2 protein chains.
Amino acid sequence: MDLERLKQQMNFLHEVDKVKAILRKTMLFHQDRVENDAEHSWHISLMAVVLQEYSNEPVDLLRVLKMLLIHDLVEIDHGDTMVYDKGAQQNLEEEETARRIFAMLPKEQSAEFLDLWQEFEARKSPDARYATVLDRMEPVLQNLFRQGGTWPKYSITRQQVIGVNQWIALGSQDIWDYLEEQIHQCFDSLDKK
Amino acid sequence: MDLERLKQQMNFLHEVDKVKAILRKTMLFHQDRVENDAEHSWHISLMAVVLQEYSNEPVDLLRVLKMLLIHDLVEIDHGDTMVYDKGAQQNLEEEETARRIFAMLPKEQSAEFLDLWQEFEARKSPDARYATVLDRMEPVLQNLFRQGGTWPKYSITRQQVIGVNQWIALGSQDIWDYLEEQIHQCFDSLDKK
């Protein structure tokens, strides 16, 4: 065994623990607190396993899971940005963190993770498009299950929710059809208040 | 699309959110609080990806990840039990929860998850043995990185740590060799205090 190699990998696995401190903007389904990136990554990975049949295109589930398990590591240095606020600055910061953190691994693993993360961000493959379905769907579901959840708090409108999330349909038309109807029902009910 | 089927799956994915409230006995690497089951499941899934080369036997990584993503759902109803305390009663309770929670899914998914969970618990396949390496290794690492962490608090001895964790070697001799040496160094240093 190459002990130096194992130590590199262990140091990486120690470093990534920090995503457990990166807080998101949406609340858990069953507790009155916001979620952190590690909990989110676990939940959407399980979602990917359960909902694979709804992907528009055939996917390699193992690659999808790898993408989802690593996709938020890039927030370790600068925190989470709400999807409605994300701009060029955040993208640059995430790219920087991706390079720093994946470089902790042995060379070929580092290259594999950086490629997977870039593929996920670019959403140009069936695997990346399906991975994005879950990443986007979870906060939408959290807010739906909480009668709008944090949408009113951040003054997010129906048009924004639809606009930002509608390309879930690029990965799964079925799931988007389901969510879109629920989003309208939710905002119809908020509008009546 | 079969809407009833999708709703069943969504209800399952809503229910499993509860593992985010199941607190474990070990502390995070980078924060002074205990970990919850969702964070743990994410972390050991990523560990499984990074450390696959150290498995004694070839494994199907996708099956390993499925096992790790679902293995702690059985704690939703009764909480986490420290590995040093686990007895027949806990095993019965977990079996009961497994049957309840997986039954929320469509039949063939329910059967797949129950089989995977039972395979993991029985540790009788290469995939299950490798999955167990990660499940056991994480709390050991957490305590090692914290100069013994919660071992002194719960009066866990060197012999207990070695005894309970030594069959990590059944899944990965390399990782156990690495951990065993670190465990001895850790207790040597605790003994001097």
Side-chain angles (χ1 to χ4, degrees), chain A residues 1-3 5-7 9-10 12-21 28-31 33 35-51 53-54 60-63 65-66 68-70 72-73 105-106 109 112-113 134 137-138 141-142 145 173-175 177-178 182, chain B residues 1-3 5-7 9-10 12-21 28-31 33 35-51 53-54 60-63 65-66 68-70 72-73 105-106 109 112-113 134 137-138 141-142 145 173-175 177-178 182:
Chain A
M1 182 183 54
D2 178 345
L3 192 61
R5 181 177 165 91
L6 179 60
K7 279 185 187 166
Q9 291 159 323
M10 290 291 186
F12 169 81
L13 292 169
H14 177 250
E15 174 73 7
V16 299
D17 182 80
K18 290 178 181 168
V19 293
K20 297 172 190 168
L28 298 180
F29 294 104
H30 290 287
Q31 292 176 77
R33 65 167 175 88
E35 185 168 53
N36 67 54
D37 273 351
E39 297 169 318
H40 163 72
S41 298
W42 164 76
H43 209 156
I44 64 176
S45 297
L46 184 52
M47 288 176 178
V49 174
V50 171
L51 302 175
E53 67 196 90
Y54 303 104
D60 178 337
L61 186 56
L62 179 58
R63 294 186 82 249
L65 290 178
K66 286 182 180 182
L68 293 175
L69 290 170
I70 65 168
D72 270 345
L73 298 182
L105 284 168
Q109 286 190 324
E112 183 195 359
F113 281 14
L134 298 321
M137 183 184 79
E138 197 220 24
L141 281 182
Q142 286 168 327
F145 270 105
Q173 188 65 52
D174 284 343
I175 288 178
D177 288 346
Y178 171 82
Q182 305 253 328
Chain B
M1 181 184 51
D2 178 345
L3 192 61
R5 182 177 164 90
L6 179 59
K7 279 185 188 166
Q9 291 160 324
M10 290 292 187
F12 169 82
L13 292 169
H14 177 251
E15 174 73 8
V16 300
D17 182 80
K18 291 178 181 167
V19 294
K20 297 171 191 169
L28 298 178
F29 294 104
H30 289 289
Q31 292 176 77
R33 65 166 174 88
E35 184 169 50
N36 68 54
D37 274 350
E39 296 169 319
H40 162 73
S41 298
W42 164 75
H43 209 157
I44 64 177
S45 297
L46 184 53
M47 288 177 179
V49 174
V50 172
L51 302 175
E53 68 197 89
Y54 303 104
D60 178 337
L61 187 56
L62 178 57
R63 294 187 81 248
L65 290 178
K66 286 183 179 181
L68 293 175
L69 290 170
I70 65 168
D72 270 345
L73 298 183
L105 285 167
Q109 286 190 323
E112 183 196 358
F113 280 15
L134 297 322
M137 183 184 79
E138 196 220 27
L141 281 182
Q142 286 169 326
F145 269 106
Q173 188 65 51
D174 284 343
I175 288 178
D177 289 346
Y178 171 82
Q182 305 253 328

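Residue numbers start from 1 in every chain, and the chains themselves are labelled A, B, ... in the order their sequence lines are given, proteins ahead of strands. Just so it is clear, the structure is predicted and the values come from calculations on it, not from any experiment.
Closest heavy-atom contact between B/Tyr178 and A/Leu3: CD1-CD1, 3.8 Å. Of all non-hydrogen atoms in B/Val49 and A/Phe113, the two that sit nearest each other are CG1-CZ, 3.8 Å. Contact between A/Val50 and B/Gln9 at its shortest, heavy atoms only, is O-NE2, 3.6 Å.
Residues B/Arg5 and A/Tyr54 meet the side-chain proximity criterion, which asks for heavy atoms closer than 4.5 Å. The shortest distance between side-chain heavy atoms of B/Gln182 and A/Met10 does not fall below 4.5 Å. Side-chain contact check for B/Leu69 versus A/Leu65: some heavy-atom pair is nearer than 4.5 Å.
Chain A forms more heavy-atom pairs under 4.5 Å with one residue of B/Lys7, B/Glu53, B/His14 than with any other, namely B/His14. Comparing B/Leu13, B/Asp177, B/Leu6 by heavy-atom pairs within less than 4.5 Å of chain A, the highest count is held by B/Leu13. The greatest number of non-hydrogen atom pairs below 4.5 Å with chain A, out of B/Gln109, B/Gln142, B/Glu35, B/Glu112, is found for B/Gln109.
For B/Asn36, the part lying under 4.5 angstrom from a heavy atom of chain A is the side chain only. Heavy atoms of B/Phe29 lying under 4.5 Å from chain A belong to its backbone as well as its side chain. In this structure, no portion of A/Gln173 lies under 4.5 Å from any heavy atom of chain B. The part of B/Glu138 that comes within reach of chain A is its side chain, from C-beta onward, which places non-hydrogen atoms under 4.5 angstrom from that chain. If you measure heavy-atom distances from A/Leu68 to chain B, you find no contacts under 4.5 Å at all. Residue A/Arg63: no heavy atom, backbone or side chain, is found under 4.5 Å from chain B.
Considering A/Val16, A/Ile44, A/Asp37, A/Leu46 as possible partners of B/Trp42, the one that fulfils the side-chain contact (heavy atoms from CB on, under 4.5 Å) test is A/Val16. Among B/His40, B/Gln31, B/His43, B/Glu39, the one residue that satisfies the side chain to side chain donor-acceptor pair (under 3.5 Å) test with A/Lys20 is B/His43.
A donor-acceptor pair is defined here as one N or O able to donate and one able to accept, closer than 3.5 Å; such a pair exists between the side chain of B/Asp17 and the backbone of A/His30.
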